[in-house]
Amino acid sequence: MTITEVTPQPTDAERFGHILAVQRAAYRRDGAPSLAARRSDLSRFKAALIARRSTIEEAINTDFGNRSRHETAMMELGGVVQGIDYLERNLRRFMRPTGRHTALHMRWGTNRIEYQPLGVVGVISPWNYPVILSLMPVVTAIAAGNRVMLKPSKFTPATNTVLASILGELFPPEQVTIVSGDGAAFSSLPFDHLVFTGSTEVGRAVMKAASENLVPVTLELGGKSPTIVARGHVQDRTVSDIVFGKLLSGGQTCIAPDYALVHDSEIDTFVDSYDRLVKAAYPGGPTSKDYTSIINDKQYAILTDLIEDARSRGARIIEVGHRPGEAAQRPHTLAPTVVLGVTDEMRIAHEEIFGPILPIFPYRDIDEAIDYVNARPRPLALYYFGSNDADRRKVLDRTTSGNVTVNGTVMHVGQDDLPFGGVGASGMGQYHGIEGFRTLSHPKGIYVQGRFNAVRLLYAPFGKRTDALLNFFLR
């Protein structure tokens, strides 16, 4: 009898480590890519995404069960394409060395900063926006001259297949590659930088794993992003913007309005307007093609548990929009829901919702609204609807969040020249804009000594001249 030896398969850690070693060796061999090479890579990337638009839209629709193709085109493809355009337009300026002030006693020399690629950047992306949250870190890393390893979420297999096909056609694996497998093993690799987008809980684990190798991290997390509606501003324009931001992608947006703070005299008016404007936005009800399903049964159960916990503790649950009861006819679909009477012992008051559920809290004056926000972890986004007056200034000055949109929702993320990132529990570090390029670059300081070096006057042996010079500089 012949005994056949079985070759053991490499572990995820071994597989990932091999890819990282190949990419790092390629970076050492080839050095930093030129401006022309980076622009060419970005241009080809953009063309490939546009050419595969319908394929991407269908893949995301498959992963979600139903996801509006318009939302995918607008928030996913549009965001990446515009981000690439921005990087291409500004890349020469971003890469240009910048001069710095030279100390008085060294003024015959010159100082400058040169932005150098870090090397190999790891990217861990989530399921809720599987294209833009995967690819914007990737294209930013490419613009900064890096090699990239991308590990997307296992919950979007159809989209991952399309991304793997696109990346495989555009780039050799030693430049950009996509992997699947154990997230803990991936985040434990000695990258030159690691970008993670996901929950605060997982972000803590990623940061802890990265710290073993002193890997710097950019954490794009989440949190409960508040919406403050100033008294007298419960208007159709205001409420329509909140409907848009809250129900975009079925509420599965990290910067979605998590809850609303409305003056206690206008709660009923707000609820009536919200119901009416949800009906206007989704005339086909919760089973229409325009209304996005929850990603899977697990996430759906989390949301329904939040509702039932609030209901059992005395909250008032109001399903809004056309025919909300029909949501049950489509798998893991949740009707737009308003929650009133929320108290602190309810989970919905503290956990990020990530679905089409809007708790509404009353306030009596703007200070009370600000205090409510400040008593909770710092959010990724904050929204304020109101006039350009003292109350708006007070909200901007006294609250801290990743970013703010005034008189609108979510639109700050589409501003290419603004940095995007959290603060405190909602994250650390930024990308988008020049901040993104600099996050994934090393600002190498360079001093070039001039012909005359005044510091030589301070060389040993020390004496009266040394004392005189030191007394002059330390006066």
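Count residues from 1 along the sequence.
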What side-chain donor-acceptor pairs closer than 3.5 Å can you find for residues 156-164, not counting sequence neighbours?
| unit_1 | atom_1 | unit_2 | atom_2 | d |
| --- | --- | --- | --- | --- |
| Thr156 | OG1 | Ser153 | O | 3.3 |
| Thr156 | OG1 | Asn160 | OD1 | 3.2 |
| Thr159 | OG1 | Asp63 | OD2 | 2.6 |
| Asn160 | ND2 | Ser153 | O | 2.7 |
| Asn160 | ND2 | Thr156 | O | 3.3 |
| Thr161 | OG1 | Pro157 | O | 3.0 |

Atom pair OG (Ser312) and CE (Met346), whose distance is rounded to the nearest 0.5 Å: 7.5 Å

message: Would you say Thr343 and Glu345 are linked by a side-chain donor-acceptor pair, where the criterion is simply a distance under 3.5 Å?
response: yes

message: Quick check for you: to the nearest 0.5 Å, what is the distance between Ser288 atom OG and Arg330 atom CZ?
response: 6.5 Å

query: Do Thr405 and His412 meet the criterion of a side-chain donor-acceptor pair at a distance under 3.5 Å?
result: yes

query: Does atom CE of Met207 have more than 12 heavy-atom neighbours from other groups under 6.0 Å away?
result: no

field: Ala425 backbone acceptor or donor facing Thr200 side chain under 3.5 Å
entry: yes

message: Tell me if the centroids of the rings in His322 and Tyr282 come within less than 6.0 Å of each other.
response: no

- prompt: Between Tyr259 and Ile348, is any pair of side-chain heavy atoms under 4.5 Å apart?
  reply: no

Heavy atoms from other residues, nucleotides or ligands near CZ of Arg15 exceed 12 (cutoff 6.0 Å): yes

message: Can you confirm whether Arg69 is buried at CZ, in the sense that more than 12 heavy atoms of other residues, nucleotides or ligands lie under 6.0 Å from that atom?
response: no

- prompt: Does a side chain donor of either Ser68 or Tyr291 reach within less than 3.5 Å of an acceptor in the other side chain?
  reply: no

query: Hey, what do you get for CG (Asp272) to CD1 (Ile267), rounding to the nearest 0.5 Å?
result: 11.5 Å

Phe45 ring center near Phe171 ring center (under 6.0 Å): yes

message: I'd like to know if the side chain of Gln329 and the backbone of Thr287 have a donor-acceptor N/O pair within less than 3.5 Å.
response: no

- prompt: Are Asp309 and Arg313 within salt-bridge range, i.e. N to O under 4.0 Å?
  reply: yes

query: Side-chain contact, heavy-atom cut-off 4.5 Å: Val195 with Leu440?
result: yes

Between Phe191 and Phe186, ring centroids under 6.0 Å: yes

task: Sorted by first residue and then second, give each side-chain hydrogen bond (donor to acceptor under 3.5 Å, both in side chains) pair with at least one member in residues 203-221; sequence neighbours left out.
output: His193-Thr218

message: Distance check, rounded to the nearest 0.5 Å: Asn403 atom CG versus Tyr383 atom OH?
response: 8.5 Å

query: So how far is it from Cys254 SG to Leu221 CG, rounded to the nearest 0.5 Å?
result: 9.5 Å

query: Hey, is Glu308 close enough to Arg311 for a salt bridge, meaning N to O under 4.0 Å?
result: yes

query: Hey, are Glu76 and Arg67 close enough for a salt bridge, meaning a charged N less than 4.0 Å from a carboxylate O?
result: yes

Check against side-chain hydrogen bond (donor to acceptor under 3.5 Å, both in side chains), Ser293 and Thr333: CA-CA 5 Å; Ser293 303; Thr333 299; 3.2 Å; yes

message: Salt bridge or not between Asp236 and Arg276? Use side-chain N to carboxylate O under 4.0 Å.
response: yes

message: Within this structure, what is the CD1-CG distance for the pair Ile302 and Asp297, rounded to the nearest 0.5 Å?
response: 11.5 Å

Within 6.0 angstrom of Arg392 CZ, more than 12 heavy atoms from elsewhere: yes

- prompt: Are any of the side-chain nitrogens in Arg89 or Asp85 under 4.0 Å away from the carboxylate oxygens of its partner?
  reply: no

field: Donor-acceptor pair between Arg52 and Ser165 side chains, under 3.5 angstrom
entry: yes

task: Would you please indicate if the ring centroids of Tyr372 and Phe361 are separated by under 6.0 Å?
output: yes

- prompt: Between Ile295 and Tyr300, is any pair of side-chain heavy atoms under 4.5 Å apart?
  reply: no

field: Electrostatic pair Arg38-Asp41, nearest N-O below 4.0 angstrom
entry: no

query: Would a line drawn from the ring center of Phe420 to the ring center of His432 be shorter than 6.0 Å?
result: yes

- request: Could you tell me whether His350 atom NE2 has more than 12 heavy atoms of other residues or ligands within 6.0 Å of it?
  value: yes

Ion pair check, Arg398 and Asp367, cut-off under 4.0 Å: yes

- prompt: Tell me, do Asp305 and Arg347 make a side-chain contact under 4.5 Å, heavy atoms counted?
  reply: yes

Carboxylate-amine/guanidinium contact Arg24 Asp192, below 4.0 Å: yes

query: What residue pairs, at least two apart or across chains, pass salt bridge (charged side-chain N to carboxylate O under 4.0 Å, His left out) with a residue in residues 238-265?
result: Lys224-Asp258

- request: Answer yes when Asp344 and Arg376 have at least one side-chain N-carboxylate O distance shorter than 4.0 Å, and no when they do not.
  value: yes

